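What you see is a predicted model; the values in this text were computed from it and never measured.
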Amino acid sequence: LIQKWHSFSDPTAPIEERRFQVLIAARIHARCQEPIVHKAMLRLREYFANQEDTNEGTAQSLSAQCLSQCDPESDIAPLLSSVLFGNVKAQHVVQAAQEVLSKYR
């Protein structure tokens with residue numbers, strides 16, 4: 001069961017980011033099949049890998065800090081279009097990122 005959930009995260013990411021990615025996968029997973037969640041998580045990771053950090057000029061990753069700065073409707077919802085209730089889940093994952101940053105920073 002633990003391996004299943006860890007398979008949704010990027011194995012090369014730091015442990016804190018992998019844990020956050022598992023949280024995001026759990027939010028997306030509600031009423032969805034695992035292959036759909038895997039594809040959605042891959043699209044999210046690719047989206048952030050293609051974004052550059054304006055301060056450092058390096059690629060970003062799917063982390064709470066990066067996701068919290070996104071617009072749910074224009075940035076995240078298109079990536080979750082294959083997920084049932086993708087628009088609502090986009091709002092939930094951005095809100096979760098903001099809550100993680102406010103509580104654990």
Partners meeting side chain to side chain contact (heavy atoms under 4.5 Å, CB included) with Ser7 (sequence neighbours left out): His38
Would Val93 end up clustered with Tyr104 when hydrophobic side chains under 4.5 Å apart are linked, directly or stepwise? yes
Any residue meeting side chain to side chain donor-acceptor pair (under 3.5 Å) with Ser82, in chain and number order, not counting sequence neighbours: Arg43
Of all heavy-atom pairs between Asn87 and Ala77, which one has the smallest distance, and what is that distance? OD1-CB, 3.3 Å
To the nearest 0.5 Å, atom NZ of Lys89 lies from atom NE2 of His92 at 9.5 Å
We want to know whether Ser63 and Glu17 form a side-chain donor-acceptor pair, criterion being a heavy-atom distance below 3.5 angstrom. no
Heavy atoms only: give me the nearest Ser74-Pro78 pair and the separation to one decimal. O-CG, 3.6 Å
For a 4.5 angstrom cut-off between non-hydrogen side-chain atoms, does Ile76 reach Leu44? yes
Non-hydrogen atoms of Arg18 and Ala13 that approach each other most closely: NE-O, 3.4 Å
Neighbour count >12 (heavy atoms, 6.0 Å) for atom CD, Glu99: yes
Test your reading of the model: is there a side-chain donor-acceptor pair from Gln98 to the backbone of Ser68, 3.5 Å cut-off? yes
Heavy atoms of Ala90 and Pro72 approach each other most closely as CB-O, 3.6 Å
Do Cys70 and Phe48 touch side chain to side chain, with heavy atoms closer than 4.5 Å? yes
Which atom of Ala40 lies closest to which atom of Leu80, heavy atoms considered: CB-CD2, 3.8 Å
Check the surroundings of atom CD1 in Ile15: do more than 12 heavy atoms from other residues, nucleotides or ligands lie under 6.0 Å from it? yes
Identify all side-chain donor-acceptor contacts of residues 21-34 below 3.5 Å with residues at least two apart in sequence or on another chain.
residue, atom, partner, partner atom, Å
Gln21, OE1, Asp10, N, 2.7
Gln21, NE2, Leu62, O, 3.2
Glu34, OE2, Lys4, NZ, 3.4

Rounded to the nearest 0.5 Å, what's the gap from CG on Asp75 to CD on Gln51? Could you check? 7.5 Å
Mind checking whether Gln95 and Gln91 have side chains closer than 4.5 Å, heavy atoms only? no
Looking at side-chain heavy atoms only, is the closest gap between Phe20 and Leu67 below 4.5 Å? yes
